Amino acid sequence: MNVLKFLDQKISAALVAAGAPADSPAMVRQSARVQFGDYQSNGVMPVAKKLGMNPRELAQKVIDNLDLTEAADKIEIAGPGFINIFLKPEWMAEKLSGYVQDDRAGVEEAATRQTIVVDLSAPNVAKEMHVAHLRSTVIGDAVSKTLEFLGHKVVRANHIGDWGTQFGMLIAHLEDLQKDNPDVMNSELGDLENFYRESKKHYDSDEEFAKRARNYVVKLQGGDEWCLTQWKKLVDVTMEQNLNTYKRLGVNITARDTMGESMYNDMLPAIVEDMKGKGLAVEDDGAMVVYLDEYKNKDGDPMGVIVQKRDGGFLYTTTDIACARYRYENLGADRVLYYIDARQAQHLQQAWTIVRKAGYVPEHVTLEHHAFGMMLGKDNKPFKTRAGGVVKLASLLDEATARATRLIEEKSGDMPAEQKAEVINAIAMGSVKYSDLSKNRTSDYVFEWDNMLSFEGNTAPYMMYAYTRVQSIFRKAGVDVAALGGDIAIKEDAERELAIKLMQFSEAVEGVAREGMPHILCAYLFELAGCFMKFYEFCPVNKVDVPADVKTSRLQLCALTARTLKLGLGCIGIETVEQM
RNA sequence: GCGCCCGUAGCUCAGUUGGAUAGAGCAAUGGCCUUCUAAGCCAUCGGUCGCAGGUUCGAAUCCUGCCGGGCGUGCCA
């Protein structure tokens with residue numbers, strides 16, 4: 001159950017019973033300090049003000065109308081009119097006992113199952129994935145996994161860059177390479193970055209080549225079969241490599257999720273035609289333009305967004321309009337989450353403004369941009385994408401693996417080779433992913449090996465280590481978790497802190513689903529791991545002088561901790577191991 | 001010029017949408033392993049929340065104006 005929601009409903013009702021207007025929010029939060037209890041309600045003060053009442057008197061009336069005897073020990077009024085709630089250990093113990101054998105650890109499925117489209121990853125064809133793709137891929141997948149855990153239907157939409165004028169030169173370059181080596185697809189294209197660079201170089205230096213390339217662009221857009229075949233080869237070889245990277249990262253993105261820009265091409269003429277019919281798009285200097293009062297141009301006039309070029313070609317705004325429409329009409333989206341670079345913010349807002357005006361997606365279907373900043377180098381300058389010096393995602397993962405290997409050899413060198421490899425991989429991928437997942441910055445951020453791959457403090461290995469410590473207790477105790485029973489008794493401070501944290505798992509999971517931000521769950525899991533580490537230090541389980549009833553109680557807290565950590569880390573795409 | 005985002009401890013970041021004395025990790029310092037894995041635990045140190053006003057019982061959070069940084073701004077994506 002969600003304790004916060006439970007209390008919020010109870011107190012909201014009491015607030016109304018005490019004379020507050022019907023929809024007055026109870027504003028229940030986890031308490032800021034231990035002396036303020038476990039939860040606090042901040043809703044009395046605004047209402048008292050509105051009604052011209054003394055807030056502490058209103059708070060008392062709320063309490064008089066509030067029945068929380070089963071759940072709370074103590075309810076008190078504090079400060080100007082806060083209501084502080086202290087949960088009853090027996091109540092928590094009873095709830096937690098129920099979670100020990102529950103494979104959802106107390107998290108209920110969402111009341112209404114939604115279809116949620118998650119726009120993520122979006123690598124470019126004929127280029128290798130590099131560090132800038134990491135956030136979108138990892139965060140998008142983590143949110144997807146969490147939403148799926150809550151029972152929603154998630155469509156991962158991999159909006160790959162598979163269209164545009166650059167394909168002319170790529171096709172021409174591929175053609176040249178094939179003349180010399182028919183097997184080029186299997187050899188030289190292993191290094192896509194080099195392939196792209198070489199074709200660009202050729203394009204810039206050879207006018208004949210450039211002419212041929214431009215001709216191929218026209219032919220490709222006209223649906224020329226040979227060009228399409230060449231284009232398809234480039235898409236396939238790129239995605240084959242990317243799918244390997246996804247697999248390595250433990251990210252659940254498959255070939256079926258590929259929905260690139262080219263997918264919407266067929267929709268574009270009809271959309272422009274439709275917008276023209278609605279009076280939204282008008283002709284200006286040969287191009288089709290949508291004017292938006294919401295945005296101003298340099299002269300202070302409504303900004304014009306071009307949806308079709310003078311030469312008849314379409315632009316990416318038109319594609320994104322079609323894309324939003326497709327996600328609503330064809331995929332049946334109730335909600336669309338876009339995990340895209342912050343630089344696209346204005347562009348997306350414009351596209352969506354047009355989408356709403358054209359009536360392609362109703363207001364109740366939300367289009368949410370979850371932006372993040374650019375990856376900067378240590379010199380505070382962005383990574384270059386074309387002129388070399390790019391940090392490839394694959395080499396980043398290699399480096400992470402190398403570092404994890406060094407660490408494991410040092411700490412647990414005597415582990416069997418197969419197990420060791422598994423642990424190394426879990427730690428390497430977990431560390432890289434966690435460093436991205438735990439941040440919520442929309443501004444730029446500096447990429448640093450040392451921060452990303454440090455294995456101390458608020459990191460994936462810390463939480464994985466907490467998990468192995470629990471498992472170690474069970475190995476020592478020789479007890480099967482499935483056979484655990486008996487009562488939970490919450491006595492020590494460390495037990496109480498752990499217990500309350502365990503009660504709050506669903507709040508964290510639902511927070512991620514609501515906000516689309518996995519760092520909420522990261523923070524929760526770090527706190528949970530911390531509570532367990534403290535419990536581990538202060539509350540022995542397997543010692544000889546621990547009474548039997550205390551031992552069974554603590555074993556259950558351990559079992560639930562393990563389950564919660566595993567489920568929670570699973571929600572954000574981080575593996576656990578039994579030993580490390 | 002206009003628009004969007006950002007500015008919190010030496011560093012990396014939280015701050016539950018206006019709540020109580022602004023929190024973590026790293027780094028630094030000092031303690032804790034004959035006792036379930038010390039990748040750990042405990043303690044100390046560290047802040048004019050960019051600056052100045054305003055709104056109110058109450059502001060890191062909201063409004064205005066500055067300062068500083070990033071991004072975007074009609075025929076690339």
Side-chain angles (χ1 to χ4, degrees), chain A residues 4 27-33 35-36 40 42 45-46 48-49 55 78-82 84 124 161 163-166 261 284-289 294-300 303-311 313-317 319-320 341-347 349-350 371 373-374 376 380 382 407-408 410-412 427 435 438-446 448 450-452 454-459 461-462 464-466 468-477 507-508 511 515 519-520 522-523 526-527 530 533-534 536-538 540-544 546 558 579-580:
Chain A
L4 191 144
M27 296 175 66
V28 174
R29 306 286 130 90
Q30 291 175 16
S31 291
R33 291 163 191 285
Q35 66 263 37
F36 302 149
Q40 62 183 66
N42 305 332
M45 292 165 285
K49 185 180 179 160
F82 297 103
N84 293 335
N124 292 309
W163 206 249
T165 50
Q166 75 274 23
E261 292 165 352
D284 183 357
D285 200 15
M288 292 306 295
V289 182
E294 293 85 347
Y295 301 88
K296 304 292 178 199
N297 67 13
K298 286 170 190 161
D299 305 321
M303 182 179 278
V305 178
I306 294 179
V307 291
Q308 186 170 20
K309 293 190 286 183
R310 198 181 321 166
D311 67 7
F314 299 98
L315 292 111
Y316 75 141
T317 303
T319 300
D320 279 319
D341 195 320
R343 283 174 297 183
Q344 308 266 359
Q346 188 176 18
H347 155 71
Q349 291 308 324
Q350 288 173 347
M374 286 189 305
L376 304 179
N380 278 329
L407 200 69
I408 291 300
E410 183 189 315
K411 301 264 183 192
S412 347
I427 288 183
S435 76
S438 59
K439 288 187 186 76
N440 183 38
R441 278 290 153 111
T442 52
S443 48
D444 297 344
Y445 53 100
V446 178
E448 283 178 292
D450 290 339
N451 279 350
M452 180 172 275
S454 154
F455 298 120
E456 281 170 17
N458 185 7
T459 62
Y462 176 83
M464 293 165 68
Y465 178 60
T468 64
R469 280 184 133 185
V470 193
Q471 297 310 85
S472 151
I473 287 175
F474 277 97
R475 270 194 302 278
K476 199 90 170 183
E507 290 171 35
E515 310 289 341
H519 82 283
I520 295 170
C522 291
F526 177 62
E527 285 162 18
M533 291 293 198
K534 193 172 170 188
Y536 184 93
E537 301 282 339
F538 291 97
V541 179
N542 290 317
K543 301 289 170 61
V544 279
V546 179
C558 288
Q579 277 174 287
M580 59 193 273

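These values consider heavy atoms only, across backbone and side chains, with no hydrogens, waters or symmetry-generated copies. Each chain gets a letter, A, B and so on, in the order the sequences are listed, and its residues count up from 1. Here the structure is a predicted model, which is why all the values come from computation and not from measurement.
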Side chain of [X] only, heavy atoms from C-beta on: which candidate in [options] is closest?
X	options	result
A:Phe526	B:rA24, B:rU17, B:rC75	B:rA24
A:Gln344	B:rG19, B:rA77, B:rC5	B:rA77
A:Lys439	B:rU12, B:rG74, B:rC36	B:rU12
A:Lys309	B:rC75, B:rG19, B:rA39	B:rC75
A:Lys534	B:rC76, B:rC42, B:rG40	B:rC42
A:Pro461	B:rA14, B:rA39, B:rG74	B:rA39
A:Asn42	B:rG19, B:rC41, B:rU17	B:rG19
A:Tyr462	B:rC75, B:rC5, B:rG40	B:rG40
A:Leu315	B:rC76, B:rA39, B:rG3	B:rC76
A:Lys543	B:rU35, B:rU16, B:rC36	B:rU35

Using atom [atom1] of each nucleotide, how far apart are [N] and [M] to the nearest Å?
N	M	atom1	value
B:rC76	B:rU16	C1'	41 Å
B:rU73	B:rA20	P	41 Å
B:rA24	B:rC41	P	13 Å
B:rG54	B:rA9	P	25 Å

Both distances below 3.5 Å, Watson-Crick or wobble geometry, any strand: find the nucleotide opposite [N].
N	result
B:rG72	B:rC2
B:rU64	B:rA52
B:rU12	B:rA24
B:rC36	none
B:rG58	none

What is the distance, rounded to the nearest whole Å, between atom [atom1] of [X] and atom [atom2] of [N]?
X	N	atom1	atom2	value
A:Phe474	B:rC36	CZ	C1'	11 Å
A:Gln349	B:rC4	CD	P	11 Å
A:Leu4	B:rU17	CG	C1'	14 Å
A:Glu527	B:rC13	CD	C1'	14 Å
A:Glu294	B:rU73	CD	C1'	16 Å
A:Asn440	B:rC13	CG	P	11 Å
A:Gln308	B:rC75	CD	C1'	11 Å
A:Met464	B:rA39	CE	C1'	11 Å

Would the base of [N] count as contacting [X] through its side chain, where contact means a donor and an acceptor less than 3.5 Å apart?
X	N	value
A:Asp285	B:rG74	no
A:Tyr316	B:rA77	yes
A:Gln40	B:rA20	yes
A:Asn458	B:rA14	no

(request) Identify, between A:Arg469 and A:Ile306, the residue whose nearest nucleotide on RNA chain B lies closer to the 5' end. (result)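 Between the two, 5'-proximity favours A:Arg469.
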(request) Assign each of A:Ile408 and A:Lys296 to its nearest nucleotide of RNA chain B by heavy atoms, then name whichever residue's nucleotide is nearer the 5' end. (result) A:Lys296
[X] side-chain N/O to [N] phosphate OP1/OP2 under 4.0 Å:
X	N	answer
A:Lys49	B:rC57	yes
A:His519	B:rG15	yes
A:Arg310	B:rG74	no
A:Tyr536	B:rC33	no

Do you know which two heavy atoms are closest between [X] and [Y], and how far apart they sit?
X	Y	answer
A:Asn124	A:Gly161	OD1-CA, 3.6 Å
A:Ile306	A:Ala287	CG2-CB, 4.3 Å
A:Phe455	A:Ile427	CE2-CG2, 3.4 Å

[X] [atom1] to [Y] [atom2] distance, which is reported to the nearest 0.5 Å:
X	Y	atom1	atom2	answer
A:Thr468	A:Arg475	OG1	CZ	7.5 Å
A:Phe36	A:Arg29	CZ	CZ	15.5 Å
A:Ile520	A:Glu515	CD1	CD	5.0 Å

(request) Check whether the side chains of A:Gln349 and A:Glu294 place a donor and an acceptor atom closer than 3.5 Å, and report yes or no. (result)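 A:Glu294 and A:Gln349 do not have a side-chain donor-acceptor pair below 3.5 Å.
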Name the nucleic acid region contacted by [X], choosing base, sugar-phosphate or nothing; use a 4.0 angstrom heavy-atom cut-off, strictly under.
X	answer
A:Gln346	base
A:Ile427	base
A:Ala477	nothing

(message) Would you say the base of B:rG40 stacks on A:Tyr465 (centre-to-centre below 5.5 Å, plane angle below 30°)?
(response)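 Aromatic stack with B:rG40 absent for A:Tyr465.
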(request) Take the angle between the ring planes of A:Phe526 and A:Tyr462 and call it parallel below 30°, perpendicular above 60°, tilted in between. (result)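 Ring orientation of A:Phe526 relative to A:Tyr462: tilted.
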